[in-house]
Amino acid sequence: MQNHFFSIAISGIITVFFSFFFNPAYDFAVYIWSYISFAFILSVALRIFFLRKREDILFFTAIFLTWLNFLQPYLRSEKVTHLYRIIPEGFLFEMSFFSALGIVALYLGYYRSFSKKIINPIFNTNNRFNSKQLGKIMLGIMTLYLIYRGLYYIYYDLMQSLKGVLSILDYTPSLISAGLTLIILRKKGNKIIIILLFTFLILQFFIAVAQTLFIYVVLLVFVPFIIYFFEKNKVPVISILIVTILLTPLFFVRHYYRKDVLKWWYGGESLTTEYLIERGFNILSETYEDPNFLDTSDKVIDSDKHTKSRFEQVSYMGQCVFQHEVKDRPFLLGETFWWLPIAPIPRVILPFKPENKMGTDLAEDYGLKGQSKGTMNWPMLVEFYINFGFFGIIFLSFFQGLAYKYIYKVLAFGRGDLNLIALFSLILPIIKIESNITLIFGQVIQFLLIWLVLSLTVLKPYKYKPFLKQ
């Protein structure tokens with residue numbers, strides 16, 4: 001616990017220093033909580049960088065994204081505005097204060113839970129493959145993914161009924177990115193397999209760029225750095241900074257190209273993989289052929305002409321606070337959580353399983369969607385509020401941190417190759433904070449059950465095997 005106090009104290013000093021470079025548009029009583037909560041975020045980063053705490057790296061992503069969406073907006077030089085969502089000025093203090101306490105509760109839930117209790121991981125922590133074995137495993141996973149995508153084109157209705165179980169394959173690209181990095185780091189891998197895996201990732205990168213889904217771009221590119229940290233116990237700071245700078249133009253121009261993507265999403269148009277690859281390549285060419293590619297001012301547009309930034313959930317929170325505190329809407333008292341217990345059950349087994357309506361019907365009921373035709377992400381922190389109010393944010397954030405710790409311990413924080421493969425197969429659901437509890441933890445539970453079944457069947461010979469011969 002002494003390390004925590006020390007890292008938070010150092011982080012507080014650093015935060016005070018950087019506070020001189022900001023001129024927030026909000027009152028001091030509102031934005032001060034952004035600084036205080038950031039000290040906890042920075043302390044996690046310091047633990048990773050200086051103490052080499054590999055078990056903190058995925059938790060850092062989740063807690064940082066929570067801060068970035070709910071507290072960073074209060075540090076801007078302009079107040080958050082929205083075309084149709086109401087942000088009640090009279091409750092800005094409560095919104096900032098309790099969001100910050102949610103960050104602290106998330107921190108405490110993670111670091112003070114299961115600290116001494118033994119949780120047996122799914123696979124042996126000493127299990128380790130050599131490069132040739134890893135190559136064969138990744139090649140098999142890639143082949144399975146390609147068959148899965150092919151069947152989707154041929155038997156769409158059938159595959160939709162199996163979507164819950166098979167959705168674990170949707171995250172294959174990030175898993176292949178992790179596996180290929182391990183193969184290269186451990187050397188002596190099969191060159192042909194390396195070329196095939198690398199080609200697969202390049203094409204997946206083009207597809208992600210074409211769909212303007214930046215989170216998938218980030219996963220493909222930054223997963224290797226996480227694996228490098230896990231394998232070498234070093235943080236490649238310079239490489240991360242260079243890649244971040246190079247990716248920044250893609251982040252800012254994504255909405256410029258999204259206007260065409262919206263027609264696909266809402267028009268029901270089916271696009272071929274070949275077209276997406278070609279489009280992704282063209283976007284990259286248009287972005288980087290310009291010698292001044294870092295200047296994207298001619299292609300930067302407002303994300304959806306409603307908000308100033310992708311990273312803001314203040315308008316979501318504000319609209320819900322307005323509904324409950326001003327319009328006297330009753331709190332839901334856990335009503336949204338009843339989807340979670342049945343979420344892991346595949347629809348093919350439970351065909352009458354009701355759909356999670358938070359992103360559609362409930363969002364429209366709260367006035368969050370406007371004229372949008374599609375579904376919307378419903379942030380967990382806001383879901384905590386609409387169920388139990390401001391104090392629900394604190395209470396449920398603590399259990400969110402506890403859940404993270406349990407999940408990571410079940411997978412031994414990626415120690416042992418099979419645990420690492422399992423961890424990176426569900427990395428995206430783990431780090432997402434902008435979706436509701438059922439979508440995130442329902443999928444995580446489902447994936448963990450799949451790995452548990454595999455450990456008792458197909459992978460049973462390797463479950464307790466400490467080391468595979470080189």
Side-chain angles (χ1 to χ4, degrees), residues 54 121-152 159 162 165-208 216 219-233 273 277 410-428 447-470:
R54 64 184 287 169
I122 295 179
F123 298 104
N124 191 295
T125 56
N126 295 319
N127 186 285
R128 184 180 174 89
F129 298 105
N130 63 42
S131 293
K132 291 184 179 179
Q133 292 166 332
L134 270 173
K136 292 177 181 179
I137 292 171
M138 291 299 118
L139 185 62
I141 292 174
M142 184 184 74
T143 303
L144 186 62
Y145 173 78
L146 294 175
I147 293 173
Y148 163 69
R149 299 307 304 173
L151 290 175
Y152 238 106
M159 298 302 288
L162 297 170
V165 176
L166 298 177
S167 59
I168 191 172
L169 293 172
D170 290 330
Y171 305 114
T172 296
S174 59
L175 178 57
I176 297 295
S177 181
L180 179 58
T181 305
L182 276 181
I183 293 170
I184 293 172
L185 289 176
R186 293 179 184 175
K187 302 178 180 179
K188 297 182 181 180
N190 186 299
K191 293 182 180 179
I192 295 177
I193 292 179
I194 290 176
I195 293 172
L196 288 174
L197 295 176
F198 187 75
T199 302
F200 170 81
L201 290 177
I202 290 293
L203 297 179
Q204 290 298 318
F205 184 79
F206 289 158
I207 293 172
Y216 293 103
L219 277 177
L220 286 172
V221 174
F222 281 99
V223 159
F225 293 123
I226 300 175
I227 292 297
Y228 182 89
F229 176 69
F230 278 24
E231 187 76 358
K232 298 293 186 179
N233 201 29
T273 301
I277 292 172
V410 165
L411 297 175
F413 301 103
R415 290 184 173 87
D417 285 355
L418 286 175
N419 287 316
L420 186 68
I421 290 171
L423 181 63
F424 276 85
S425 70
L426 47 82
I427 185 173
L428 186 57
F447 289 3
L448 287 177
L449 289 174
I450 290 173
W451 281 108
L452 181 60
V453 170
L454 289 174
S455 72
L456 297 174
T457 54
V458 179
L459 298 175
K460 188 175 181 179
Y462 309 110
K463 181 174 173 62
Y464 301 110
K465 202 167 186 177
F467 189 81
L468 296 182
K469 293 181 180 181
Q470 298 294 312

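Start at 1 with the first residue, then count along the sequence.
- Remark: Tyr228 engages no residue in a side-chain hydrogen bond (donor to acceptor under 3.5 Å, both in side chains) (not counting sequence neighbours).
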Original post:
Could you walk me through whether Phe222 and Ile226 pass the side-chain contact (heavy atoms from CB on, under 4.5 Å) check?
Top reply: CA-CA 7 Å; Phe222 281 99; Ile226 300 175; 5.6 Å; no
Subject >> side-chain contact (heavy atoms from CB on, under 4.5 Å) between Tyr148 and Leu151, worked out >> reply: CA-CA 5 Å; Tyr148 163 69; Leu151 290 175; over 6 Å; no
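- One distance of note links CD1 of Ile176 with CG of Leu197; it measures 5.5 Å at 0.5 Å rounding.
- For Asn419 (side chain) and Phe123 (main-chain N/O), a donor-acceptor pair under 3.5 Å exists by modelled atom type.
- Sorted pairs that involve residues 173-197 and meet ring-ring contact (aromatic ring centres under 6.0 Å, His included), not counting sequence neighbours, are lacking altogether.
- Note that the OG1 atom of Thr457 and the CG atom of Leu459 stand 6.5 Å from one another [nearest 0.5 Å].
- Minimum interatomic distance between Leu220 and Pro224 (heavy atoms only, all atoms of both residues): O-CD, 3.4 Å.
- Not a single donor-acceptor pair under 3.5 Å links the side chain of Arg149 to the backbone N or O of Thr273.
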Original post:
Can you list the steps and then say if Phe205 with Val221 is a side-chain contact (heavy atoms from CB on, under 4.5 Å)?
Top reply: CA-CA 9 Å; Phe205 184 79; Val221 174; 3.7 Å; yes
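- Legend: residues meeting salt bridge (charged side-chain N to carboxylate O under 4.0 Å, His left out) with Arg186, ordered by chain and number and at least two apart, are Glu231, Asp417.
- In this structure, CG on Leu420 lies 10.5 Å from CG on Asn127, to the nearest 0.5 angstrom.
- Nearest heavy atoms, Ser131 versus Leu182: OG-O, 4.4 Å.
- Closest heavy-atom contact between Trp451 and Ser425: NE1-OG, 2.9 Å.
- Taking every heavy atom of both residues into account, Leu196 and Met142 meet most closely at O-SD, 4.1 Å.
- For the ring-ring contact (aromatic ring centres under 6.0 Å, His included) test, residues two or more places apart in sequence or in another chain that qualify with Tyr145 are Phe200.
- Minimum heavy-atom separation, Thr172 to Leu169: OG1-O, 2.7 Å.
- To the nearest 0.5 Å, the span separating CG on Leu454 from CD1 on Ile421 amounts to 11.0 Å.
- Of the possible polar contacts, one joining the Thr143 side chain to the Leu139 backbone as a donor-acceptor pair under 3.5 Å is found.
- To the nearest 0.5 angstrom, Leu175 atom CG is 13.0 Å from Leu428 atom CG.
- Every residue two or more places apart in sequence or in another chain was checked for a ring-ring contact (aromatic ring centres under 6.0 Å, His included) with Phe229, and none qualifies.
- Listed by chain and residue number, Leu180, Ile183 satisfy the side chain to side chain contact (heavy atoms under 4.5 Å, CB included) test with Ile194 (two or more places apart in sequence, or in another chain).
- Of the inter-residue distances, the one linking Thr125 atom OG1 with Phe413 atom CZ reads 12.0 Å to the nearest 0.5 angstrom.
- The minimum heavy-atom distance linking Ser174 with Leu219 is given by the pair CB-CB, 4.4 Å.
- With a 4.5 Å cut-off on side-chain heavy atoms, Thr181 and Phe225 do not count as touching.
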**OP:** Mind running side-chain contact (heavy atoms from CB on, under 4.5 Å) on Leu448 and Leu411 for me, showing each step along the way?
**Re:** CA-CA 9 Å; Leu448 287 177; Leu411 297 175; 4.0 Å; yes
